[in-house]
Each structure stands twice: as structure tokens, then as C-alpha cells.
Amino acid sequence: MSLSGLNFYSYLSRIRLLKSYSSKIMLVAFLGTHVPLIALLLFFVVSTAQDLETAIKILVIALVATLVGTFATLLALHKLLAPVVLTSKSLNRYLSERELPDLPVGFRDEAGSLMADTVTTVRKLDELIHYMANYDGLSGLPNRDLFLEKLTTSLSELSSKDDVLSFPVLSLEVTHLKQIRSNFGLHLGDLYLRALSQKLETLLGPETVIARTGDGEFSFFPTPSSSQVQESDSEVWAEKIHGAASSQINVADHQISSEIKIGISVFPFDGKSSDQLLWKSETALNQAKMGAIAKIQTYSSEWKERMKEKYLLEKDLRLAIPKNQLFLHYQPRVDLHSSLTVSAEALLRWNHPDLGIISPSIFIPIAEESGFISEMGEWVIYQALEDMGNWKKKGLPPTRISVNLSAKQLEDPSITKKILQTIEKNDLNMEDVELEITESSLITNMQSALEILGELHSWGIPIALDDFGTGYSSLSYLSKIPLKTLKVDQSFVRKILTDPNSLAISKTIIALGKSLGLRITAEGVETEEQLRKIKDLGCDEAQGFYYSRPVSLQDLEKFVTK
């Protein structure tokens, strides 16, 4: 039936007295039976030769009979309308109170189908709403809310027992998820997570509650009725899970794996509520992620204090620029053939009003996590290029300034414009500036980074790649970056004389860089023996404590002019 069939219904709905559907039906039935009958009676009385008294009697008897019959008809119609009314009320109760319809489903006519279909449809809808509210769409696992609900139920069950058994709550994270999505694409990244969740379900079995509690994060705990995983062997259990989760998974003909970190909290020692235990397992997970070695970490109150300190530092760090607490030091890079200083790397420092000089290894990660790194990075560019502008005005020996770009800056479409404006403002040439990037800064958003680096290169700004070989290396992207310099990381240079692996990696990086026509800089050179070795291997430049520690601009002038 088209919508035009609703015109009469719409007209009746405008009559204020006819609020319900039943009243509309009753009015139509009443008028439909009375109007023609009354018209017929009047015609009969007028057209027949009856005295007035007889005519009135006939009319009264006819009207009474009609009213009785109409009442019986309307009552029957009202009862027949019960399926429609009950269905409407059931739907309203579901919408307002989430009460499922309880309607008969055994009738086969249109009204019976209406009730039966309403029951089926609403129950399916309720199941879908429940699934969407409590389960993760990608993995099919319970989500965070349902996980906490199940954990609360399990804790209540355990607390009612006299011999309360301890059991762990574990949180696991895929730490290289961004790199996987960048290298293989978002779709394959999602397929990897789905395959990993299925692998974990198979490994852990029905006696473990597992949920996806974050993008690349899963949490789980053993059920109270299971063979309990005690505090004493929770780390053994975690080791087993870590081994399975970190192994390669075949995803659409690709072998994909990632570094896995796990955090553990234990009931009842680390908390007795579901919120406490999950929060503490995730805190332990963060501790594992911050560490370079530990893959599995149990919760400790010391870590809680460290996180509190980190939070306070983050608040102070946001005030560091307006309060002029940041400053730059410069570490020179020396040409190994001419022994001249060819450039100096700008390194950020923070002078905290209460804690003194804070190591960049502490405040840089905080700035990256809080998103403050972009603002700090821009400040470094402005300050370093202003220092180099003053350097040139003094007529000091030509020295290139090297500035690091963060991952966030390589996602900023306006970064090229900002750099060019700062170069122009300080009357510098493009070759007076070098921009350093790291592998990790590329992985976050490869396409955006390559576009920005291409723009910078087209303007003639040299680009150097730092830390190559220390992260998620890929030769495919190395050939796409418009590089001029490749830096051998200090972690290899410092062990180049004692560790065969470091020596082999250094040789490979240098040979690769030479084959691409790049200048090679060795970082972290501290001894004359290391210097001779990197010379023999073919490095062009060196940077490290052997020549100079990072120094102030004034001390850099003395170093260059001595």
C-alpha cells in the first residue's frame, strides 16, 4: 500500500478527541452503521401513513435495537483490535524500559503474524544491541565493559569462598601495530588482530575470559571454576602466552609478527575490584613498554609513583617554553678527511626550576605521548635557525645546523612552509640547514612523511636518516627517501671493536649508504681506536665525545675557531 492510503488515517488523527487507534475504528464503525440506518428509518416513517405515536414507537425500538447491536459490534471490534494495541504497548515498553515483548505467536492470520514478527524482530534487535554494546566488532571478543562485568562477577564468586585463591589479570599489547598497518595496510593490520585474537582464544580455552580492551590490547583472567592459575605461576602462564602471541601469523600470504608486552596484576594483593585490577595490569603493561628489555611486568607500587612523577613532569613541561626553561646545546660533526667541523646537531635541553637539568631521554618520550612534541619541535627549529643566522652575521666559519624532525612534525602539512619562512627570516641558505629524521618517525605515517620530505628536498634542504638499523627497518622505504646522509647509530659504533654483530651491521649500513651515494656519519665515537675503525670502514664524518660533548653556542664557536 502506498503512503497515499494513509490520507484518511492522517485526517482522523487531526481530531483531538480521537487519540487512540481504537477510537478511530469505533467512530468509523458507529457512523458506518448508524447513518444509513437512521436515514432508512426516517424515510420509512415519512413515507408510510402512520400516526405520530406509532412512528415514534417504531423509531425508538429501532434505535434501541441498533444501539444494542452497535455496542456488541464495537465491543467485538475492540477485542479484535487487541493484537494491534498490545503490539504497540509492547514496543513502547521495549523502547522505554528495554522489556522484551511477551506476545502470543501461535496465530496465523495478519494480526497473529504482526505479533509473532514483532517478537522475533525485537528479540533479534535486542541481541544485536547487546552484541554491539558488549562485544568487539573486529575480533568478536567481549569489549572492555563486558570484561569488567565478567571480572566483577568472578571476584564476587571468589570472595564468597572461605579458601580464597589468588589469580592474575593480564593485559597484553601489540606494540608494533602502527608499523604493521603502515607496512601492510590497515586491512591486513585488522586481519592480523583478528587472527591473533583467534590464536589467543584457542590457546587460552573456555576456562579463560579474554577481551579486546584497546586497539591492539587484550586482557584476560582465569574463571574461578578453572584449574586456578596461582600467583606463583602467573608469570609462567604469561610466558606461554607471550611466546604464542609474538610468533609469526600467516595473514593473507604474509608472515606478520610483532613485539608483545604483557602486564600482570594479582587478586587480592593488587586490588579487590575489577577496575583496580584491570587498571593495575595496564599500568604494569605501560611499565613493560617503557622498558627496553622486560617483555612481562608485574604491577608494583613504585611504578605508580613513577607514573605520578611523569604526570607532574608533563604538566611542568607544557610551561617550559613560555617560562624560557628550554635551551639548545650543539654537538659538532667533523669531516674525517679535512678535520673541519662541517655541521652541528641541535639538541634540546630542559632546565627544570626544581629538578635542574632533566635528561632528554626522560622528557622527550613524555612530550611525544602528550602530543606536545610538535610545539617543542617548532621551538627548536626557530631557535636553532636564529642561532645560525647570528652565527653567519658574525662571519664565523661556515657550519651547517642539523635539526631533528619528530613523527608528529612529519604529519603536519604546513611544516615545509614554517621551515622555509624561518630560513628566510634568518637570511640563511637552504644548504645551511640539515633535517634529521629517524626510522620510527617514518613508520607512523609513511605516505605523509614521504610527501613532506619530497617537498623539503625539492627546495634543496639536505636530509639525514638517524638510527637506521635500530628499529623496524625496511630497505623498500630507504630508496624512496631523498637522503643526503645516513648516520650509523651510536649503539653499533660504541661496540664496533668488541661485538662482531655490531661490526657486521656497521659494515652493512656503510656499504648500503655508499651504494646509494650517501655521506656516512658515525655517531657516538668516543675513542681513537673507534675513530680509526670507522675511517677504515669508509665513514665520511664522525660525531661523539671523542671530539666534543654537546655544548652551548658560545662553546661551539670556540671549538670551531680553535
Side-chain angles (χ1 to χ4, degrees), residues 131-155 167-181 184 186-224 226 228-229 233-251 256-267 270-271 274-291 294-299:
Y131 182 85
M132 292 176 67
N134 293 284
Y135 289 86
D136 170 56
L138 176 65
S139 65
L141 295 173
N143 63 14
R144 189 182 193 88
D145 290 339
L146 184 57
F147 178 81
L148 287 170
E149 182 181 321
K150 288 176 176 287
L151 182 54
T152 299
T153 302
S154 295
L155 294 178
F167 74 101
V169 175
L170 276 65
S171 291
L172 173 155
E173 184 169 341
V174 179
T175 60
H176 285 163
L177 185 56
K178 285 185 178 180
Q179 291 92 322
I180 290 172
R181 284 173 171 163
F184 298 103
L186 293 175
H187 180 61
L188 276 180
D190 286 345
L191 290 181
Y192 166 75
L193 284 178
R194 184 179 296 168
L196 177 59
S197 66
Q198 291 170 351
K199 190 172 187 177
L200 289 172
E201 279 191 288
T202 302
L203 173 70
L204 297 172
E207 290 190 329
T208 302
V209 175
I210 177 172
R212 186 179 177 209
T213 48
D215 187 17
E217 185 177 326
F218 301 86
S219 297
F220 32 90
F221 65 89
T223 59
S226 69
Q228 289 290 320
V229 179
D233 57 8
S234 60
E235 291 193 22
V236 176
W237 193 45
E239 286 281 1
K240 178 183 176 183
I241 295 168
H242 182 275
S246 57
S247 61
Q248 287 190 335
I249 298 176
N250 186 11
V251 181
I256 303 178
S257 63
S258 173
E259 181 184 56
I260 300 294
K261 299 283 189 175
I262 295 178
I264 306 173
S265 64
V266 180
F267 170 86
D270 295 325
S274 56
D275 288 324
Q276 282 181 323
L277 290 167
L278 181 57
W279 174 73
K280 288 183 178 180
S281 71
E282 290 177 332
T283 300
L285 172 61
N286 287 331
Q287 184 179 6
K289 287 163 57 181
M290 294 285 284
K295 307 297 183 186
I296 298 170
Q297 180 68 50
T298 55
Y299 175 79

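Please read these numbers as outputs of a predicted model, since none were measured by experiment.
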Closest contact, heavy atoms only, [X] versus [Y]:
{"X": "Leu285", "Y": "Ile262", "result": "CD1-N, 3.9 Å"}
{"X": "Asn143", "Y": "Ala133", "result": "ND2-O, 2.8 Å"}
{"X": "Ala244", "Y": "Leu203", "result": "CB-CD2, 3.7 Å"}
{"X": "Thr298", "Y": "Gln287", "result": "O-OE1, 3.9 Å"}
{"X": "His242", "Y": "Ile260", "result": "NE2-O, 2.8 Å"}
{"X": "Gly189", "Y": "Arg181", "result": "CA-CG, 4.0 Å"}

- Message: Run the side-chain contact (heavy atoms from CB on, under 4.5 Å) test against Ser139 and tell me which residues pass, sequence neighbours left out.
- Response: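 Ser139: side-chain contact (heavy atoms from CB on, under 4.5 Å) contacts with Asp136, Leu141, Ser197, Arg212.
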- Report the residues that fulfil side-chain contact (heavy atoms from CB on, under 4.5 Å) with Leu188, sequence neighbours left out, ordered by chain and then residue number.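 Listed in chain order: Phe184, Leu191, Val251, Ala252, His254.
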Side chain to side chain donor-acceptor pair (under 3.5 Å) partners of [X], counting only residues at least two apart:
{"X": "Ser281", "result": "Ser171"}
{"X": "Lys240", "result": "none"}
{"X": "Ser274", "result": "Thr152"}
{"X": "Arg194", "result": "none"}

- Task: Measure the OG1-CZ distance between Thr213 and Phe218 for me, rounded to the nearest 0.5 Å.
- Result: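 Result: 8.5 Å between the selected atoms.
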- Can you say whether the rings of Trp237 and Phe220 are parallel (under 30°), tilted (30 to 60°) or perpendicular (over 60°)?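 Perpendicular.
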- Item | Lys/Arg-Asp/Glu bridge criterion (N-O < 4.0 Å) met for Lys295, Glu259 |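 Judged by the 4.0 Å cut-off on N to carboxylate O distance, Lys295 and Glu259 do form a salt bridge.
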